[in-house]
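Labels below follow one simple rule: chain letters A, B, ... track the order of the sequence lines, proteins then strands, and each chain is numbered from 1. As the structure is a prediction and not an experimental result, all values here were calculated from the model.
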There are 2 protein chains.
Amino acid sequence: MGKGRVTVIDIAKAAGVSKSTVSLVLQASPLVNESTRTKVNAVMRELGYVYNRGAANLRQANARSKIIGIVVNDLTNSFFAELAVGVDTVVQSAGFVQFLSNTSESIDRQREVIASMREHGVSGLIISPARGTEAVDLKPLVMAGIPVVLVVRNIPGAKVSSLVSDNHAGAFAAVEHLAALGHSRIAFVGGFPDTAVFDERLGGYRDAMSKTGTGFQDELVVSSAPSRAGGVDALARAMAMPEPPTAAVCFNDAVAFGVCDGLRARRIEPGKDFAVVGFDDVIEAKTTVPALTTISVDPQGIGQRAAQMLLKQINAGKPEAESAVSSVRLIVRESCGAAMNKPGRKMA
Amino acid sequence: MGKGRVTVIDIAKAAGVSKSTVSLVLQASPLVNESTRTKVNAVMRELGYVYNRGAANLRQANARSKIIGIVVNDLTNSFFAELAVGVDTVVQSAGFVQFLSNTSESIDRQREVIASMREHGVSGLIISPARGTEAVDLKPLVMAGIPVVLVVRNIPGAKVSSLVSDNHAGAFAAVEHLAALGHSRIAFVGGFPDTAVFDERLGGYRDAMSKTGTGFQDELVVSSAPSRAGGVDALARAMAMPEPPTAAVCFNDAVAFGVCDGLRARRIEPGKDFAVVGFDDVIEAKTTVPALTTISVDPQGIGQRAAQMLLKQINAGKPEAESAVSSVRLIVRESCGAAMNKPGRKMA
DNA sequence: GTTAATAATTGGAACGTTCCAACTTTGTCA
DNA sequence: TGACAAAGTTGGAACGTTCCAATTATTAAC
């Protein structure tokens, strides 16, 4: 047992047919007689045959393997986990298997991971690029004709498909909502300043601040790591200001949760004494207390849509780059104070 | 461009050497002259060569590809995301790449995913099996001599390595702690009853309840999906009892967060009016408010240790099944009320 | 100046599969 | 009976790599 692996030839010998016939059975070809097929299948099961995809791909250089790769920059952020399951639901029903790798924002790791996936002949790639990824990094992929869909973060020069959410509109809506509730000192909290997503959301915030007449003030944007801990930290800095804000538009939900934690630790009740709005609408957003008012980007939906874009490219002969913007909407829950009697302006 | 793919022979021609030499360069063999090496490497870059792992694996049937697979049953649970990054850190430094797949508790999907990984010649597998997985499902893997480490959930008859946390001891400690705080009506909340993990944790709970003299009562165990929403739901049922509990040992942290949400929705303050202890110690546990008292199982640590076990097996010729229990410890924070003046017994 | 040792390179066979063209068997029809 | 078609089956070549044994080029030793 277990000496050499079981090959198609072993099956052929044991079943008394030729390797070609076995191969036809493997491909469910209608050419082969029903009785032969069942016999061959039986022998396969008996000997514990495992299909060698590598050898097969070697022969048919055109047909790639039935896997699609998804590369994310931060798996511990549940946004990406949800995105991945969204992708999974659609690739699965198309007969693909999804392999996911995490880069932890490391460009080097990202290169390794993508190379590894290429070596295994993935049919296509969905990538949420690590910070600092440039168009050149994607060049080899497009040259090889491998379909790629960028999600979450777009990369300017790359000639690949992309699906990002409408960050500008989302942040704009968040500010408008808070302004309508009577806030004027609205902070923009969290996120790394050197990313496209940050720029877009900040842009929406800035435009809305200008439009609502309260004006944009530099000091009201306080950045941090885009995590729960980052939110705690950023809030501390915001509250240390001479004239602290009364509301915050957060870079994402993780930051928003951190902000709520930080508020509570200061005995300030989010949704009552201070308005918080997040960005992403992760699952916890609706069950947490207070329920988080946030900009819904529907990670699963984005995953599904990205997967559909990718499959379309895979099925079409030559991949046509297509870029889409996924619309977002404001979900009003409790953390902004809109559900309460008074807009939160108790502190000053 | 992109007609046929670039092969080792193309490189050889362009560089004016033989394919064997190119192959040696690929393997970083010391046999090849430094000047040839640099020239070959240059040509590779220029022509955009991609290593064909499939063809390589074909030849060297022994040496498997440098990927290890990790199969989890619920990616949306951040416990598994953290476990995966733990695994990643160690396999990465050993020169492997990790491919992760999610089964969403589906046995069928799990079979597909594992088959796919086998076809791609993974060097080893770390599996958190879907509910209902049986020893036979793993049989083909052990027959093929593929190293496997089971995590989180063990499977009785399977002859593979496993690494589970000491669920019995953890639940036991949680109950002891709550009892010491003065609670006697302590519920066991959340989790699916037909899993080994549930049985173990429940066992620890039961033994501790008996030992502390309050005795084990069936009605105090209320199961649910092991998620935040499940926790909300289970708490509702618990509080509807004629004599509701004053404390809860939760199946996991997600459930515990749900329980806290449910309590707050009822205007009961977790950590003050009701004691909650979780299980897992996910990252949010320490930043949330109130900080969650929980049993730390250190998912990253488990991931790392599992990865080490797997690598050991891969490096050893024949895999020796080894099973380990990862110890757990009680992390006292705020949600159990220990940090407050009074043990939470205000309600009755 | 020959031999021996070392360093570097090389062609061919092999890995497990698919594809193609050729082959055999069986059945149908004039 | 012979010609033809349809249904199954088959051997060999090819895919891109690595390994082996053999070869050539270079250096060292006498």
Open item on the list: Rounded to whole Å, please give me the gap between CD1 in B:I11 and P in D:dG16.
Closed with: 12 Å
Open item on the list: With a 4.0 Å cutoff (strictly under), does any side-chain N or O of A:Q27 reach OP1 or OP2 of C:dT17?
Closed with: no
Identify each donor-acceptor pair in which a side-chain atom of residues 134-151 of chain A lies under 3.5 Å from a protein atom, sequence neighbours left out, and give them as a table.
residue: A:D137; atom: OD2; partner: A:E134; partner atom: N; Å: 2.8

Task: Proximity to the side chain of B:S18 - top-ranked nucleotide from D:dT17, C:dG11, D:dG11 - done: C:dG11
- [ ] Remember a base hit wins even if backbone is also touched, and classify A:T7 as base, sugar-phosphate or nothing at under 4.0 Å, heavy atoms.
- [x] sugar-phosphate
Task: Selection residues 35-45 of chain B - residue pairs positive for salt bridge (Lys or Arg N to Asp or Glu O under 4.0 Å), sequence neighbours left out - done: B:E34-B:R37
- [ ] Not counting sequence neighbours, list each pair that qualifies as a salt bridge (Lys or Arg N to Asp or Glu O under 4.0 Å) and has a residue in residues 90-108 of chain B.
- [x] B:E105-B:R153, B:D108-B:R111
Can you give me the N/O atom pairs linking the protein to nucleotides 22-24 of chain D at distances under 3.5 Å, or say none if there are none?
none

TODO: Report yes or no: does A:S101 contribute a side-chain atom to a donor-acceptor pair with the main-chain N or O of B:Q98 at less than 3.5 Å?
DONE: yes
Open item on the list: Can you see if the side chain of A:S23 gets near the phosphate of C:dT18 - specifically, an N or O under 4.0 Å from OP1 or OP2?
Closed with: yes
- [ ] Provide, to the nearest angstrom, the distance between the CG atom belonging to A:N52 and the C1' atom belonging to D:dT17.
- [x] 13 Å
Task: Side-chain donor-acceptor contact under 3.5 Å, B:N73 with B:T103 - done: no
- [ ] Please list, chain by chain and in numerical order, all residues satisfying salt bridge (Lys or Arg N to Asp or Glu O under 4.0 Å) with B:E46, sequence neighbours excluded.
- [x] none
- [ ] For the pair B:E320 and B:K312, find out whether any cationic side-chain nitrogen is under 4.0 Å from an anionic carboxylate oxygen.
- [x] no
Open item on the list: Just the rounded figure in Å: distance from P of D:dT17 to CG of B:N57.
Closed with: 12 Å
Task: Toward the 5' end of DNA chain D, by each residue's nearest nucleotide, A:G16 or B:A55 - done: A:G16
Task: Pair B:S106-B:Q110, side-chain hydrogen bond (donor to acceptor under 3.5 Å, both in side chains): steps then yes or no - done: CA-CA 6 Å; B:S106 154; B:Q110 178 172 271; over 6 Å; no
Open item on the list: Rounded to whole Å, how long is the line connecting atom CZ of A:R53 with atom P of C:dT17?
Closed with: 12 Å
What N/O pairs connect the protein and nucleotides 12-14 of chain D at under 3.5 Å? Give each pair on its own line.
residue: D:dG12; atom: N7; partner: A:K19; partner atom: NZ; Å: 2.9
residue: D:dG12; atom: O6; partner: A:K19; partner atom: NZ; Å: 2.8
residue: D:dA14; atom: N3; partner: A:R59; partner atom: NE; Å: 3.4

- [ ] Can you pull out how bent the helix from C:dG1-D:dC30 to C:dA30-D:dT1 is, comparing the axes over its first five and last five pairs, to 10°?
- [x] 50°
Task: Rounded distance (Å) that lies between atom P of D:dC19 and atom CG of B:L26 - done: 11 Å
Task: Atom-pair distance (CD1 on A:I9; P on D:dG11), nearest Å - done: 11 Å
Open item on the list: As a test of reading the structure: which of D:dG16, C:dT17, D:dT17 is closest to the side chain of A:Y51, going by heavy atoms?
Closed with: C:dT17
- [ ] Among residues two or more places apart or on two chains, list those pairs meeting salt bridge (Lys or Arg N to Asp or Glu O under 4.0 Å) that have a residue in residues 93-104 of chain B.
- [x] none
TODO: Mind listing the residues from residues 30-45 of chain B sitting with a heavy atom below 4.0 Å of DNA chain C? Number order is fine.
DONE: B:L31, B:V32, B:N33, B:T36
TODO: With sequence neighbours excluded, tell me which residues meet side-chain hydrogen bond (donor to acceptor under 3.5 Å, both in side chains) with A:S35.
DONE: A:N33
Open item on the list: With heavy-atom distances below 4.5 Å as the criterion, would you say the side chains of B:V122 and B:I68 are in contact?
Closed with: no
- [ ] Nearest whole angstrom, please: distance from the P of C:dC15 to the CG of A:L58.
- [x] 14 Å
TODO: Please state how far atom CD in B:E119 lies from atom P in C:dC15, giving the value in whole angstrom units.
DONE: 21 Å
Mind listing the side-chain donor-acceptor pairs of residues 82-89 of chain B below 3.5 Å, one per line with the distance, residues two or more places apart or on another chain?
residue: B:E82; atom: OE2; partner: B:I283; partner atom: N; Å: 3.2
residue: B:D88; atom: OD1; partner: A:R109; partner atom: NH2; Å: 3.3
residue: B:T89; atom: OG1; partner: B:G86; partner atom: O; Å: 2.7

TODO: Mind checking side-chain hydrogen bond (donor to acceptor under 3.5 Å, both in side chains) for A:R131 and listing every partner two or more places apart, or none if nothing turns up?
DONE: A:D194
Open item on the list: Between A:F96 and A:V90, is there a side-chain heavy-atom distance shorter than 4.5 Å?
Closed with: no
